[in-house]
Participant: 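Structure provided below as structure tokens; questions to follow.
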Amino acid sequence: MADRPLNGHRVLVLVTNYGVEQDELLVPRKRLREDGADVTVAAASAEPIQTLVGDKDLGERVEPDATFDVVDPGDYQLLLLPGGTLNADQLRLEDEALALVKAFASSGRPIAAICHGLWALVETDVVRGKTLTSYPSLRTDIRNAGAAAWVDESVVSDAEGGYTLVSSRTPKDLDDFLDAINKALVGS
């Protein structure tokens, strides 16, 4: 098999078991795997993950690969935080997930977050001094958390503060988001 650009790279995705935006989980998982990355989807429990479309319509059900309590953040090169309002709101209440977010930020490894996925970063106090983007309704939360700037762009990569943060707004920006993730992984 031909060498793929992300061969040998491992990505950890954190979600709760209900409410993740379908395309923000499934599209990155598929594309990263096609590019050669080993992608582990970790959830709060071993129960199937119920995705949603547009925060309201039931989407596909996905089996998690692991649970928060058994993953070792040191085994991965990048952390991915999909959105979905319900998912992201619940994720920021999961102590084990927040510990994983903090471990990535403090180790200097890249974190990629889209849409409402940035709430976990706000909760863990790791956006200070960063320029980033998100779903527009998070703008005030992000500013209040000490971010340098919130901008309305499809994707923003910021290496300030000791780790690279790749942020994006919505599923419409997934192509740009995934290109930036690939660059963050290959450069890491």
Side-chain angles (χ1 to χ4, degrees), residues 3-21 24-51 61-84 86-128 130 132 145 157-168 177-178 180-188:
D3 191 38
R4 296 179 290 174
L6 298 182
N7 279 349
H9 290 86
R10 299 193 70 207
V11 175
L12 177 61
V13 182
L14 299 182
V15 297
T16 60
N17 293 84
Y18 185 85
V20 65
E21 182 66 31
E24 293 175 9
L25 171 61
L26 299 183
V27 172
R29 182 182 73 167
K30 179 179 186 276
R31 291 255 311 269
L32 290 166
R33 285 179 175 169
E34 286 172 351
D35 285 344
D38 177 7
V39 179
T40 299
V41 177
S45 77
E47 300 299 315
I49 299 160
Q50 178 62 65
T51 69
R61 290 172 66 90
V62 177
E63 293 295 326
D65 302 308
T67 54
F68 301 151
D69 60 331
V70 300
V71 295
D72 179 351
D75 291 342
Y76 300 91
Q77 285 80 41
L78 182 134
L79 176 64
L80 175 61
L81 301 168
L86 297 173
N87 166 68
D89 190 46
Q90 185 61 40
L91 189 69
R92 65 184 173 162
L93 299 175
E94 294 284 343
D95 290 339
E96 290 170 328
L98 297 177
L100 293 166
V101 172
K102 287 178 186 176
F104 267 85
S106 67
S107 71
R109 285 171 289 150
I111 298 174
I114 186 169
C115 197
H116 287 80
L118 283 107
W119 264 339
L121 302 173
V122 168
E123 190 68 30
T124 55
D125 195 29
V126 297
V127 297
R128 289 188 188 282
K130 295 268 189 206
L132 52 90
S157 290
D158 186 319
E160 293 298 316
Y163 76 97
T164 296
L165 172 60
V166 177
S167 58
S168 195
F177 183 56
L178 288 163
I181 287 172
N182 283 14
K183 289 176 187 165
L185 272 170
V186 172
S188 65

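Any value given below was found using the heavy atoms of this structure, including those in side chains, with hydrogens, waters and symmetry copies removed.
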Participant: Say whether, by atom type as modelled, one donor and one acceptor occur between the side chain of Tyr163 and the main chain of Val126 under 3.5 angstrom.
Facilitator: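 Between the backbone of Val126 and the side chain of Tyr163 there is a qualifying donor-acceptor contact (under 3.5 Å).
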Participant: How close do Gln77 and Leu185 get, counting heavy atoms only, and between which atoms?
Facilitator: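 Of all heavy-atom pairs spanning Gln77 and Leu185, the closest is CB-CD2, 3.8 Å.
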Participant: Mind checking what makes salt bridge (Lys or Arg N to Asp or Glu O under 4.0 Å) contact with Glu63, not counting sequence neighbours?
Facilitator: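 Residues passing salt bridge (Lys or Arg N to Asp or Glu O under 4.0 Å) with Glu63: none at all.
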Participant: Is there a side-chain contact between Asn182 and Leu6 (heavy atoms, below 4.5 Å)?
Facilitator: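 When only atoms from C-beta onward are counted, Leu6 and Asn182 do touch, with a gap below 4.5 Å.
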Participant: Give me the atom names and distance for the closest heavy-atom approach of Phe177 to Ala112.
Facilitator: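 Where Phe177 meets Ala112 most closely, the heavy atoms are CZ-CB, 3.7 Å.
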Participant: State whether the side chain of Asp158 and the backbone N or O of Leu165 hold a donor-acceptor pair below 3.5 Å, judged by distance alone.
Facilitator: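 No; zero donor-acceptor contacts below 3.5 Å.
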Participant: Write down the atom of Ala42, the atom of Phe68, and the distance for their closest heavy-atom approach.
Facilitator: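 Between these two residues, the closest heavy atoms are O-CE2, 3.4 Å.
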Participant: Compare all side-chain heavy atoms of Val15 with those of Leu91 and state whether any distance is below 4.5 angstrom.
Facilitator: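 A side-chain contact is absent here, since even the closest heavy-atom pair is not under 4.5 Å.
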Participant: Between Glu24 and Gly83, is there a donor-acceptor pair closer than 3.5 Å when you use the side chain of the first and the backbone of the second?
Facilitator: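 Between the backbone of Gly83 and the side chain of Glu24 there is a qualifying donor-acceptor contact (under 3.5 Å).
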Participant: Spell out, as yes or no, whether a donor-acceptor pair under 3.5 Å connects the side chain of Arg33 to the backbone of Val39.
Facilitator: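 Answer holds: yes.
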Participant: Does a side chain donor of either Asp65 or Thr40 reach within less than 3.5 Å of an acceptor in the other side chain?
Facilitator: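 The answer is no; no qualifying pair exists.
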Participant: Any side-chain to backbone donor/acceptor pair from Arg109 onto Leu79? Under 3.5 Å, distance only.
Facilitator: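 It does not hold such a pair.
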Participant: Could you point out which residue of Ile181, Leu78, Leu80 forms a side-chain contact (heavy atoms from CB on, under 4.5 Å) with Pro110?
Facilitator: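 One option only clears the test, and that one is Leu78.
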Participant: Restricting to non-hydrogen atoms, name the atom on Ala145 and the atom on Val122 that form the minimum distance, rounded to 0.1 Å.
Facilitator: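 Result for this residue pair: CB-CG1, 3.8 Å.
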Participant: Please name the pair of heavy atoms, one in Val166 and one in Ser157, separated by the smallest distance, quoted to 0.1 Å.
Facilitator: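 Taking every non-hydrogen atom into account, CG2-OG, 3.6 Å.
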Participant: Less than 4.0 angstrom from a charged side-chain N to a carboxylate O is my criterion; do Asp38 and Arg10 meet it?
Facilitator: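 Yes.
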Participant: Restricting to side-chain hydrogen bond (donor to acceptor under 3.5 Å, both in side chains), what partner residues turn up for Arg29, sequence neighbours left out?
Facilitator: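 Arg29 satisfies side-chain hydrogen bond (donor to acceptor under 3.5 Å, both in side chains) with no residue once adjacent residues are dropped.
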